[in-house]
Amino acid sequence: MNSLLGSGLKIGPERVVAFLRKMGPTAMKIGQHLALRPDLLPQEYTDALLTLVDRVPPFPWAEAEGVIRAELGRGSADVFAYIERRPVAAGSLAQVHRAKLEDGTEVAVKIQRPGIEAAIAKDVRRIRRIARLLEARGGSFVAAPSELADEIESWLKQELDFRRELENVERMQSLAADSETQRIPLVFRSLSTRRVLVYEFLHGVPVSAVLQEMRRDPAASGPLQRQVDAPAFARNLVRACFTQIFRYQFFHADLHPGNLFILPDNVVAFVDFGLCDELDERVRTNQMRYLAAVYNRDIPRMYKALTEILVPLDASDLEGFRRDFTAETRSLEGRTLADGTATKSPSAQYLSGLARAARRNGFQIPSRIMSIYRALVTAETVAAELGFEDGLRQVGQEFFLELQRDELMSNLFTRESIMQFLANVLNLTRDSPGQINQILTDVADGTLTLRVQVSEAPRVVRTKNQRARLWTLAIVSVSVAVLLTATSLPAVFGISLRWPLTAAMMVLYVWMAYLWRRLK
């Protein structure tokens with residue numbers, strides 16, 4: 001553990017994975033957690049830890065039946081029309097049984113392993129003792145062992161409380177209900193408790209099974225690989241990750257391959273919502289500013305945005321971080337632009353390198369920012385293994401262009417902006433006839449007077465005014481043209497705004513042509 005957290009890595013990735021498998025279920029869960037910590041470990045280690053599939057021997061049906069009866073107050077025969085006694089999956093924290101409700105609906109019944117809370121509490125105490133020993137010995141750590149122990153304990157406690165998972169999945173299901181590329185299973189609240197959770201059963205291909213088949217023989221195409229279009233699914237996975245983070249502002253934070261399924265038409269199915277996180281508007285704005293600079297390859301803006309995201313501490317080394325940032329950015333350019341020989345997951349390597357550089361130079365990474373990076377890097381790593389490399393760059397550029405356009409449209413056509421526009425038109429319609437009538441009366445009576453202060457020749461003033469009008473009309477016409485590129489426009493009083501905007505565009509062009517001619 002010291003070598004993993006410190007500056008020198010002495011144990012190879014394969015040996016680490018083998019050691020964690022030997023240590024048992026809790027150690028494997030910790031390994032899965034470390035697979036989502038690219039700020040602590042190089043990518044070859046996180047990639048190896050992603051292969052840790054949480055499979056342990058199932059606990060007996062009698063114990064599962066006992067949990068159902070204790071939690072629901074009835075035996076399984078009184079709750080389900082049918083339930084398979086052999087689980088379809090067994091993990092260190094729970095196992096899943098396939099069942100049917102009385103109306104024939106297929107469900108997955110997730111049952112917590114008896115005694116697991118006490119076992120985890122014991123393992124956490126052991127981890128804390130090891131953390132204290134490591135810190136007492138001293139040494140250089142990327143992250144303090146006690147900090148990591150706190151994080152692991154919090155993570156395991158979240159996964160143990162199925163009521164939290166119930167709230168997470170209901171929220172995500174509501175947000176993604178209209179999505180065509182991701183699927184969130186329904187959850188049955190009336191049959192779910194702190195230790196039992198009943199989901200809609202999804203018929204799909206586990207991503208973990210596809211990856212295992214690919215790793216066994218990379219040159220061959222196995223039966224699972226022939227069932228799916230792995231690169232197309234991987235693209236949808238990366239896009240779903242971006243969508244959850246930046247559109248829903250609530251996202252699945254444990255994108256381990258065991259929690260992902262491939263449905264028909266390459267739809268991404270998510271399961272196991274014990275770990276989810278949300279994004280507040282301030283963090284979202286800062287993060288979008290940084291990623292926009294990344295996709296535009298604007299290095300000064302990237303550095304400025306990144307320093308606004310990180311939290312400086314007393315021991316922070318700004319110059320050291322600037323040097324490391326420059327080195328990482330040049331490394332990214334070399335991997336992706338030099339001769340077209342891009343390495344595996346260059347964007348993931350870059351984000352991971354920046355996270356480690358920040359920690360190395362004494363900057364704190366806000367927990368939600370780290371959660372975002374974990375989700376994005378894990379999604380890209382899984383996508384790369386499925387044959388879709390550099391997904392963060394490819395999908396991210398398309399996604400953020402669409403997101404910025406959609407947000408521009410939504411801000412222009414909010415209820416408040418439309419009501420303000422209509423109020424201005426109403427005021428103009430109400431006040432203009434009276435004002436024009438007064439002007440005409442003054443002209444007829446010969447009493448019209450204008451107060452003018454002239455500091456330049458009249459011809460120069462007219463020319464400047466015409467140029468100003470021409471610039472204003474040009475800016476307005478560009479704005480109208482941008483609006484007309486939208487695939488759909490809202491309707492006001494049952495009339496689409498496309499026709500009024502098109503007419504306005506024609507008027508603007510005629511007016512600009514007239515002013516341009518007068519300037520000659």
Side-chain angles (χ1 to χ4, degrees), residues 33 36-40 143 147-148 150-151 154-155 158 164 167-168 171-172 174-176 182 238-255 270 273-296 298-313 316 318 321 325 328-329 347-348 350-359 361-380 391-393 395-408 410-411 414:
H33 180 64
L36 307 178
R37 293 305 307 269
D39 58 319
L40 299 181
E147 174 189 331
L148 188 59
D150 290 340
E151 188 174 316
S154 173
W155 175 63
Q158 289 182 49
R164 182 187 181 94
E167 299 293 336
N168 288 342
R171 181 175 176 183
M172 187 68 77
S174 174
L175 290 168
Q182 57 179 304
V238 176
R239 186 174 185 84
C241 188
F242 274 119
T243 300
Q244 289 183 4
I245 294 171
F246 293 105
R247 285 194 186 274
Y248 305 160
Q249 295 179 234
F250 182 72
F251 58 97
H252 198 301
D254 186 11
L255 296 181
F270 296 86
F273 291 83
L275 286 179
C276 289
D277 210 339
E278 61 183 333
L279 211 58
D280 62 51
E281 193 57 40
R282 183 187 63 81
V283 173
R284 179 179 183 269
T285 300
N286 289 340
Q287 192 60 34
M288 286 185 64
R289 186 183 300 120
Y290 169 67
L291 290 175
V294 170
Y295 291 127
N296 291 324
D298 188 336
I299 295 177
R301 281 179 57 210
M302 287 166 60
Y303 178 75
K304 183 176 184 300
L306 193 57
T307 53
E308 290 175 353
I309 289 171
L310 300 174
V311 179
L313 304 175
S316 296
L318 190 60
F321 178 67
F325 167 82
E328 287 291 341
T329 303
S347 298
Y350 177 62
L351 290 177
S352 302
L354 288 182
R356 287 193 294 274
R359 284 190 176 274
N361 289 284
F363 286 87
Q364 183 179 356
I365 306 173
S367 60
R368 284 184 176 166
I369 294 296
M370 197 64 249
S371 188
I372 293 170
Y373 284 7
R374 284 201 304 263
L376 290 174
V377 169
T378 307
E380 167 147 300
L392 293 186
R393 182 182 295 274
V395 177
Q397 288 177 319
E398 301 169 3
F399 175 82
F400 278 100
L401 182 63
E402 293 176 13
L403 182 62
Q404 289 167 351
R405 185 195 66 192
D406 292 346
E407 292 193 345
L408 173 63
S410 63
N411 290 334
T414 59

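Both backbone and side-chain heavy atoms feed into the values below; hydrogens, waters and symmetry mates do not. Residue indices begin at 1 and follow the sequence shown.
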Fill in: F270 to A240 - nearest heavy-atom pair and separation
CZ-CB, 4.0 Å
Item to complete: Give a yes or no on whether a salt bridge exists between E167 and R171, defined as a side-chain N under 4.0 angstrom from a carboxylate O.
Response: no
Item to complete: Kindly compute the distance separating OG1 (T285) from CZ (F246), expressed to the nearest 0.5 Å.
Response: 10.5 Å
Worksheet item: Between the side chain of Q249 and the main-chain N/O of E278, is any donor-acceptor distance below 3.5 Å?
Response: no
Response to the item:
Tightest non-hydrogen contact, residues G391 and V238, listed as O-CG1, 3.7 Å
Worksheet item: Between S316 and G362, is there a donor-acceptor pair closer than 3.5 Å when you use the side chain of the first and the backbone of the second?
Response: yes
Discussion item. Using 0.5 Å steps for rounding, measure from the OH atom of Y373 to the CG atom of L392.
Written reply: 11.0 Å
Worksheet item: Which pair of heavy atoms, one from A379 and one from L255, lies closest together, and at what distance?
Response: CB-CD1, 4.0 Å
Worksheet item: Is NZ or CZ of R247 both nearer than 6.0 Å to the six-membered ring centre of F242 and within 45° of the ring axis?
Response: no
Fill in: Nearest heavy atoms of A355 and M370, plus distance in Å
CB-CE, 4.5 Å
Fill in: F399 vs T243 side-chain heavy atoms within contact, under 4.5 Å
yes
Fill in: Worked check of side-chain hydrogen bond (donor to acceptor under 3.5 Å, both in side chains) between Q182 and Q244
CA-CA 10 Å; Q182 57 179 304; Q244 289 183 4; 2.9 Å; yes
Worksheet item: If we only count heavy atoms from C-beta on, is the F251 to C241 side-chain gap below 4.5 Å?
Response: no
Discussion item. Once rounded to the nearest 0.5 Å, what's the spacing between atom CD of E308 and atom OH of Y303?
Written reply: 11.0 Å
Practice prompt. Would you confirm whether Q364, through its side chain, and V311, through its main-chain N or O, come within 3.5 Å as a donor-acceptor pair?
Written response: no
Practice prompt. Kindly give the heavy-atom pair with the smallest separation between P366 and L310, and that separation in Å.
Written response: CD-CA, 4.5 Å
Fill in: Side-chain ion pair, R284 and E281, N-O less than 4.0 Å
yes
Discussion item. As an exercise, state the distance from CG of L354 to CZ of F321, rounded to the nearest 0.5 Å.
Written reply: 6.0 Å
Worksheet item: At what distance, to the nearest 0.5 angstrom, does SG of C276 lie from CZ of F250?
Response: 4.0 Å
Fill in: R239 with E402: basic N within carboxylate O range, under 4.0 Å
yes
Worksheet item: To the nearest 0.5 Å, what is the distance between CG (N286) and CG (D280)?
Response: 9.0 Å
Discussion item. Check whether D298 reaches the backbone of A293 with its side chain - one donor and one acceptor, N or O, closer than 3.5 Å.
Written reply: no
Practice prompt. Write down the atom of A176, the atom of Y248, and the distance for their closest heavy-atom approach.
Written response: CA-OH, 3.5 Å
